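Residue numbers start from 1 in every chain, and the chains themselves are labelled A, B, ... in the order their sequence lines are given, proteins ahead of strands. What you are looking at is a predicted structure, and each value in this text was computed from that prediction instead of being measured.
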Protein chains: 4
Amino acid sequence: MSSTARGASSQIAESLKHRVTDGVYAPGTKLPSESALCAEFGVTRNTMRRALSALEKAGLVVTIPGTGRTVRDPDGPTRPSPP
Amino acid sequence: MSSTARGASSQIAESLKHRVTDGVYAPGTKLPSESALCAEFGVTRNTMRRALSALEKAGLVVTIPGTGRTVRDPDGPTRPSPP
Amino acid sequence: MSSTARGASSQIAESLKHRVTDGVYAPGTKLPSESALCAEFGVTRNTMRRALSALEKAGLVVTIPGTGRTVRDPDGPTRPSPP
Amino acid sequence: MSSTARGASSQIAESLKHRVTDGVYAPGTKLPSESALCAEFGVTRNTMRRALSALEKAGLVVTIPGTGRTVRDPDGPTRPSPP
DNA sequence: GTGGTCTAGACCACT
DNA sequence: GTGGTCTAGACCACG
C-alpha cells in the first residue's frame with residue numbers, strides 16, 4: 001500500500017506525477033483527455049479531475065478549457081527568474 | 001427535399017417534435033440523452049443541441065441541467081399564458 | 001433472548017444473513033443502502049456498518065465503494081476454489 | 001443577475017460570504033452542516049462543498065473533519081503579531 | 001470534442 | 001452525525 005495517500009484520486013495523482021517526472025508525458029506535449037485517462041484508470045471523471053487538479057496545483061500541467069492539458073516546461077517562459 | 005426546413009438541426013428538430021406530438025415521447029417522461037440522440041441521428045452535439053433548443057423554445061420540453069430533458073405536459077401547471 | 005448473539009450489531013447481522021439465506025435478498029441484487037437499513041432497524045450507522053461487515057466477512061455480500069453492497073452468488077465466477 | 005460569477009456554487013459562495021461579512025454567521029460560531037445548507041439552497045452536496053471550499057480558500061472559515069466548519073475570527077489566534 | 005459544472009446518491013473515516 | 005471521497009451520468013461553454 002502507499003503510505004502517503006489514501007483514496008483513488010490521490011494515488012492516481014501520484015502515478016501521473018511520476019509520468020511527468022519520468023518524461024512519459026514530455027514537457028510541451030498534451031496529456032491524454034480526461035475521458036481517456038478515466039478509461040485507463042477505471043475511474044469516473046469526477047475522480048480523475050480531482051487527480052488532475054493536484055497536478056495543476058503542483059505546477060506540473062496547465063489546463064486550457066476546450067483544448068486540454070499540457071505538460072509545463074520547467075525551463076519555459078512562465079518560470080520567473082532562475083539564478 | 002423537405003419543404004419546411006433545410007439545415008440538419010432543423011430537420012432533426014422536426015423529427016423530435018413529431019415524436020412529442022405523436023406521443024412517442026410522452027409528457028412527463030425524459031428524452032434520451034444528448035449522447036444517445038447524437039448516436040441515433042449521426043450528428044455532433046452542437047447540431048443536436050441546436051435541435052433540442054428549438055424544442056425548448058417551442059415549449060415542448062424543459063431542460064434540467066445535470067439531469068436531462070423532460071417532455072412538458074401541455075395541460076400542466078407550468079403553462080404560462082393560454083389565450 | 002437470542003442464543004447465538006448478544007450485541008445489537010450481531011443480532012442485526014443474523015437477521016440480514018437469514019434474508020440472504022432465505023432469498024429475501026437474492027444473489028446479484030443490491031442490498032438496501034446503509035441509511036435505509038439504519039432507518040429500518042432503528043440503529044446508528046456505526047452499528048449497522050458493524051453488522052454489514054459481518055456479512056462481508058462471511059462472504060455473503062461484496063461492497064463496492066460509492067455504489068453499494070451486492071449479494072454474492074455462491075455459484076458465481078468470484079468463488080475462489082471449488083472442488 | 002450577478003456579473004462576476006456563473007454557476008450555482010459560485011453564487012452560493014457569494015451568498016455565504018455575505019453572511020459572514022454581515023455577521024449572520026458570527027466569528028467563532030459553527031456554520032450549519034453541509035446537509036442543512038444543501039436543503040436551504042436546494043443543491044447537492046457536491047455543489048455545496050464547492051461553494052464552501054471557496055469560503056475556506058478565502059480564509060473565512062476553517063474546516064474540522066468529523067466536526068464541522070467554524071467562522072474564523074479575523075482578530076483571532078491565527079493573526080501573526082498584533083500590537 | 002475538450003474541459004467545466006451539476007444532479008443524485010452511495011460508502012468511508014473520524015469525532 | 002460530521003466532513004471526505006467515490007460512482008454514474010447528465011447538460012453547458014468554448015475552441
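Spacing between atom CD1 of D:I12 and atom P of E:dC6 amounts to 8 Å, rounded to whole angstrom units. Distance A:M48 CE to F:dT5 P: 16 Å, rounded to the nearest Å. Look at CZ on C:R50: it is 14 Å from C1' on E:dC14, rounded to the nearest Å. Atom CZ of D:F41 and atom P of E:dA8 are 17 Å apart (whole Å).
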Can you tabulate the close N/O pairs, meaning under 3.5 Å, that link protein atoms to atoms of nucleotides 1-3 of chain F?
from, atom 1, to, atom 2, distance (Å)
F:dG3, OP2, D:E34, N, 3.0

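Going from atom CD of C:Q11 over to atom CZ of C:F41 covers 10.5 Å, rounded to the nearest 0.5 Å. Interatomic distance, CG of A:L37 versus OG1 of A:T47, reported as 12.5 Å (0.5 Å rounding).
For the strand DNA chain E, secondary-structure stems (runs of at least three Watson-Crick or G-U pairs, all distances below 3.5 Å) span E:1-14 with F:1-14.
Salt bridge A:E34/A:R50: absent, no basic N to carboxylate O contact under 4.0 Å.
Checking side-chain atoms of C:E56 against main-chain N and O of C:T63 turns up a donor-acceptor pair under 3.5 Å.
In this structure D:S35 satisfies the side chain to side chain contact (heavy atoms under 4.5 Å, CB included) test together with D:S33, sequence neighbours excluded.
Cluster annotation: C:V24 and C:V71 are assigned to the same hydrophobic cluster (Ile/Leu/Val/Met/Phe/Trp/Tyr, side-chain heavy-atom contacts under 4.5 Å, transitive).
When each of B:L52, B:T70, B:L60 is checked for a side chain to side chain contact (heavy atoms under 4.5 Å, CB included) with B:L31, only B:L52 meets the rule.
Here A:T47 reaches the OP1 or OP2 of F:dT7: one of its side-chain N or O atoms lies under 4.0 Å away.
Here the closest heavy-atom approach between residue A:A54 and residue A:A13 is recorded as CB-CB, 4.0 Å.
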